[in-house]
Peer 1: 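Take a look at this one; I'll ask things after.
Just follow the structure's listing: the first ligand is 1, and inside any ligand the first atom is 1.
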Amino acid sequence: MTPPRKPARGETPRPLIELQDIRKSYGGREGEGGAEGGSPAVTVLHGISLQLHAGEFVAIVGASGSGKSTLMHILGCLDRASAGRYLFDGRDVSTFDGDALAWLRREAFGFVFQGYHLVPSESVLENTEIPALYAGMPEAERHTRAVALLERLGMGTRLHHRPHQLSGGQQQRVAIARALMNGGRIILADEPTGALDSKSGAEVMALLHELADAGHTVILITHDRSVAAQARRIIEIRDGRIVEDSGGMEQPAVAVDIEMPDLQASRGGASMAADMREATRTAWRVMWSNRFRTGLTLLGIVIGVASVIVMLAVGGGSQKKVMAQFETFGTRTMFVSAQVASTRNPGAPLTLADAEALRMLPNVEGVAPYIEDKVVVRRGNIDHLTEGGGATIDFSPVLGWGVAEGVMFDADDELRVAKVAVIGQTVRKLLFADGQSPVGQDILVDKVPFQIVGVLAAKGANDGEDQDDRVVVPLSAATTRIYGHPHPTWIAVQVRDIERAQETAEAIEAQLARQQAGREVRIWNRVEALRVQTETARAMTLMLGLIAIVSLIVGGIGVMNVMLMTVRERTREIGIRMATGARQRDILRQFMTEAVLVTSVGGTVGVVAGLGIVVGLMLAGVPVLFSLAASVGAFGCAVLTGLIFGFMPARNAARLDPVVALAGE
Ligand code: ADP
Ligand code: MG
């Protein structure tokens, strides 16, 4: 409670506050608050002119309804006059913007109300700290100062109580501590003893005296003449007019010690990080105190986020499984086989000429004819019945099947009818259990000696058949040395464009019919199946997306609903915060933080629940594909929902008029 500096000798201080013909009406055209259509304007203040100097202790006294509170709201910049001029330290307040007014409320004024106006959810200490919070005072300093003030006001043992745990007199002391938090150069007290018993009232009056003696400007509003009589100057107001003024200036005046801010550059305000921390802390507490309601609302978001994660994991898992099946022989390969339908029209089911004809079809990238039949392979004294095969050099590119060791036979081998072979992993395992390298070794294929040049890469089983149980030799060698005929068992056809697979299959059928009539052609069109599968997956993803959007919108509406309720329930708190210096953006940030926190919690619970279900399904043997992107995305959408749906209620809160908010329930 540092006394303001004394003016230099001979200096005439200009009034700290000067009102010139201030008028205030409610309703009507000018109306603020309670203006119902057609109701006539009620004029409450009829031209108040008044000068107040720094260091004065003034009582404004008048009967109930005479306009005292209205005047105080105007003096304290909680409300604007309908007409007239208000000069604060010589500057016209009507030129101040919202931030500058908030600055004045924060740095110049300290309010003490009849109804105390403490924030019910915050402790004594936190209530006291609020003005410093909005002034950006560092936490440690804020804390020390609040504790010191509360101790001096006899509230040192009640720091962590909530307002409802205190008596009226104690609450009023907390309000006084709060008013002094940022200096409280001008204390505006509206009926500060009105709700108190006479003993507590006397104590509060003694405190105000002390403050006045210490140099604070004290403006006391009361309907009680005996209370007013304690002030050094008494102004009597009746029906919105000053009827008597005992006159000030008998006591030594002191100069204003308030340095006005540069109104262009917004000064003050806490650092972003500190602000966010405070807002988060408050938001968390509010959420916790309404946890049942908040929890119910969050269910929408939780379910939305969890279901997106689960469905994407399951969808991805089943698709992955299908893809894995297709990938055995490439995703763009179809297999053509044929049978001669009637014995009267003998001929080969498929020929090498067929293969060459298919190669010419549109959308065909590669063709690999293959002769397949059982053979016995032998090495030393080990015999093994396996799938034998003759393949062209197109085998590897068309089927996507190369060697893991050694080399694949080449065009030259084909031309020379070379007795070379590649073996599958299973054959290798059986014939070379001794650990020798098969490459370069000789084996017998149906009693014909072949030299192994390579070992095929492992393919595993497909449709229950071990694909690695095979030996493959050049088609020419198979034709002449093993099977004695040149007719492919099947022809693998690789298409270029999956979308046109069905059309290509039809073209293949037509072409084979042209080549030779009377054949029953079978096309194992896995490509088309894959296309259908892909389309189904796409449709499913789209549906999942829609479900996600719908559930997030539902969740968002829930959040908005909760936020609107919160804002309504806490209108008075918003008013208190504004009266203690919060700017619109502080209030906006507070409520936006609450919305985002609420949805973040919902999103987190949703992610955890979703992952839990995914793990459960995995343990139950359902193929799942966990996607980090899906989890992050779902969480991000939830938070975004909070931002979007929280904005409207938060803006409503920030736009509240301080007086209206203070009067709110
Ligand atoms: P006091 O504090 O001296 O008791 P007030 O300033 O609260 O008086 O009120 C003065 C007059 O203004 C009263 O007649 C009251 O009904 C009216 N009044 C106050 N606030 C409003 C409002 N928001 N809308 C309409 N009339 C109001
Ligand atoms: Mg009043």
Peer 1: Measure the shortest side-chain to side-chain distance between Leu196 and Tyr116 over non-hydrogen atoms and say whether it is less than 4.5 angstrom.
Peer 2: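 They are in side-chain contact.
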Peer 1: Does Phe591 reach the side chain of Ile574, with side-chain heavy atoms less than 4.5 Å apart?
Peer 2: yes
Peer 1: Could you check which of Ala41, Gly65, Ser69 puts a non-hydrogen atom nearest to atom 4 (O) of ligand 1?
Peer 2: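 Shortest heavy-atom distance from atom 4 (O) of ligand 1: Gly65.
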Peer 1: Of all the atoms in ligand 1, which lie at a distance below 4.0 Å from a heavy atom belonging to Ala63?
Peer 2: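 Ligand 1 atoms under the 4.0 Å threshold to Ala63: 3 (O).
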Peer 1: Counting heavy atoms only, which part of Val44 comes closer than 4.0 Å to ligand 1: side chain, backbone, both or neither?
Peer 2: side chain
Peer 1: What are the atoms of ligand 1, with element, lying closer than 4.0 Å to any heavy atom of Ser64?
Peer 2: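 Atoms satisfying the 4.0 Å criterion: 4 (O).
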Peer 1: Which part of Ala663 is near ligand 1, with near meaning a heavy atom under 4.0 Å away: side chain, backbone, both or neither?
Peer 2: neither
Peer 1: Could you tell me whether Arg145 and Glu141 have a side-chain N and a carboxylate O separated by less than 4.0 Å?
Peer 2: no
Peer 1: Would you please test His209 and Phe57 for ring pair (Phe, Tyr, Trp, His ring centres under 6.0 Å) and show each step?
Peer 2: CA-CA 8 Å; His209 266 290; Phe57 183 9; 5.2 Å; yes
Peer 1: Let me check your reading of the structure: within less than 2.8 Å of the Mg ion (ligand 2), is there an N/O/S atom from Ser69?
Peer 2: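 An N, O or S atom of Ser69 is closer than 2.8 Å to the Mg ion (ligand 2), so yes.
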Peer 1: Any non-hydrogen side-chain atom of His223 less than 4.5 Å from a side-chain atom of Ser64?
Peer 2: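 Heavy-atom side-chain distance check fails, nothing below 4.5 Å.
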